[in-house]
2 protein chains.
Amino acid sequence: MGSNPKTGSTTITDAPAADTPKADGRQRIVDEAAALFLEQGYAATTLRQLADVVGMKAGSLYYHFSSKDELLTEILQRGIEIMQQAFDTASAPGPKAASGPKQIEAHVRAHLAALFENGPYTATHVTTFRTAPPSVRTAIVPVRDAYEARWTALLDNLKTEKAIRADVDTGLARLILFGAMNSSIEWFDAERGNLDHFATQLTQQFWSGVSA
Amino acid sequence: MGSNPKTGSTTITDAPAADTPKADGRQRIVDEAAALFLEQGYAATTLRQLADVVGMKAGSLYYHFSSKDELLTEILQRGIEIMQQAFDTASAPGPKAASGPKQIEAHVRAHLAALFENGPYTATHVTTFRTAPPSVRTAIVPVRDAYEARWTALLDNLKTEKAIRADVDTGLARLILFGAMNSSIEWFDAERGNLDHFATQLTQQFWSGVSA
DNA sequence: GTCTATACCACGATAGAC
DNA sequence: GTCTATCGTGGTATAGAC
């Protein structure tokens, strides 16, 4: 695993990094499908288009997958798994216990890494889940809940330790933080932007606000 | 216009409220289309389905619109107009000048009202813009920029007045705030939730963070 | 494991009657 | 202003050769 010296967070390398040479076979198909779904949306992406990008004919895709929905389900699932692994890695205790904001920052960094540094799966999950076909959505819900529970526990702990104010609704705070992080898909340029800096700024603002 | 005693923000009533009896004719079509696009996405919504909901045959829609894209363009445009009007109404000076956080709160309340209290246009804009057909997107970009500029000016002013810290990147702060507000589409229930309370909490967290 | 060929259907859009 | 009827296209998915 590629470890990041600045934040101590890690990159999950059994997921393709953004600059990894393209995989082949089945994995290649899923990679390209996720990228297309992210860019155009699920419904707007056709299997002929996917086959084109991968370099095969549309019918051949069905050797690997039994339906377009199955392909989406696999991508959404993988998207959450990547987030979860990133979260758990960021939770691994270092030599000394980190302070409240440092804990948050590590997990924010991990979440952003899942969005931008481990292939399009997580970003595709975030952007396509809401309008995914109902059957696909229900299959994914439990895994989502498990991830959200990790964050809720983290924030609740900090509140119990009185690092977070008593009047803060941690459930709402989590939703606000998720919204701030996930919406960066719409504007953050992974090629040009500095993810560590972004994670620091975002955490700082979540923790202390903007007021003088 | 329906004025809100608590925040002083107003509801734009030439847009249909959520509980307004359904309009008829052309307006009805646009209303239902926006609702369907919001729920299912643009590409996944078919004109036959829209015609069904409206109570006519698919071909008849073309008396009112020349293409599906035109319908979307009109909805996205209207979505921004509603946001802009809400913003400007919230900017109208009261008897006494409001403090920094109160100014923010008034505009947050206005933005949320546009998302949840003035029909599905604004919410549809937020959810479908990113994956809209390129020709539709480029037609809308200038109007979006104008709205974003209003927020940038608001935050920059507060920074100049030293109500916002000097080290805050107002451009980033705006993106974070937008992300937090807009993502509430995914979870806020307009029927059950209290929008004033939500606006207060969100502003409080944006302004002061969560730290003890 | 990928190909060709194609079935079957629903899509957006048009034409002309009423 | 809405209907019926239909056109042309392109969608997902399947069958069988290679």
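Chain naming here is simple, since letters A, B, ... match the order of the sequence lines and numbering starts at 1 in each.
Put simply, OH on B:Tyr62 is 5 Å from C1' on C:dA13, counting in whole angstrom units. Following rounding to the nearest Å, B:Tyr63 (OH) and C:dT14 (P) show an atom-to-atom distance of 16 Å. Atom P of nucleotide C:dC11 and atom CG of B:Asp52 are separated by 10 Å, given to the nearest angstrom.
Nucleic acid contact for A:Gly25: none, since no nucleic acid atom lies under 4.0 Å from a heavy atom of the residue. Backbone-only contact: B:Lys68 has heavy atoms under 4.0 Å from sugar-phosphate atoms and none from a base.
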- Derivation of the salt bridge (charged side-chain N to carboxylate O under 4.0 Å, His left out) call for B:Arg109 and B:Asp196: CA-CA 7 Å; B:Arg109 178 64 173 82; B:Asp196 284 320; 2.4 Å; yes
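For the 3.5 Å distance criterion, the side chains of B:Asp31 and B:Gln27 qualify, holding a donor opposite an acceptor. The closest side-chain donor-acceptor pair between A:Gln40 and A:Thr45 falls under 3.5 angstrom.
In 5' to 3' order, the nucleotides of DNA chain D bounding all contacts with chain A (an atom under 4.0 Å from a heavy atom) are D:dG11 to D:dT14.
Residues of residues 36-50 of chain B having a heavy atom closer than 4.0 Å to DNA chain D: none are found.
Cation-pi geometry between B:Lys68 and B:Tyr62 is not met at under 6.0 angstrom from the ring centre and within 45 degrees of the axis.
Residues A:Arg26 and A:Glu74 are paired through a salt bridge, judged by an N-O separation under 4.0 Å between the basic side chain and the carboxylate.
The backbone N or O of B:Ala113 sits less than 3.5 Å from a side-chain atom of B:Asn118, completing a donor-acceptor pair.
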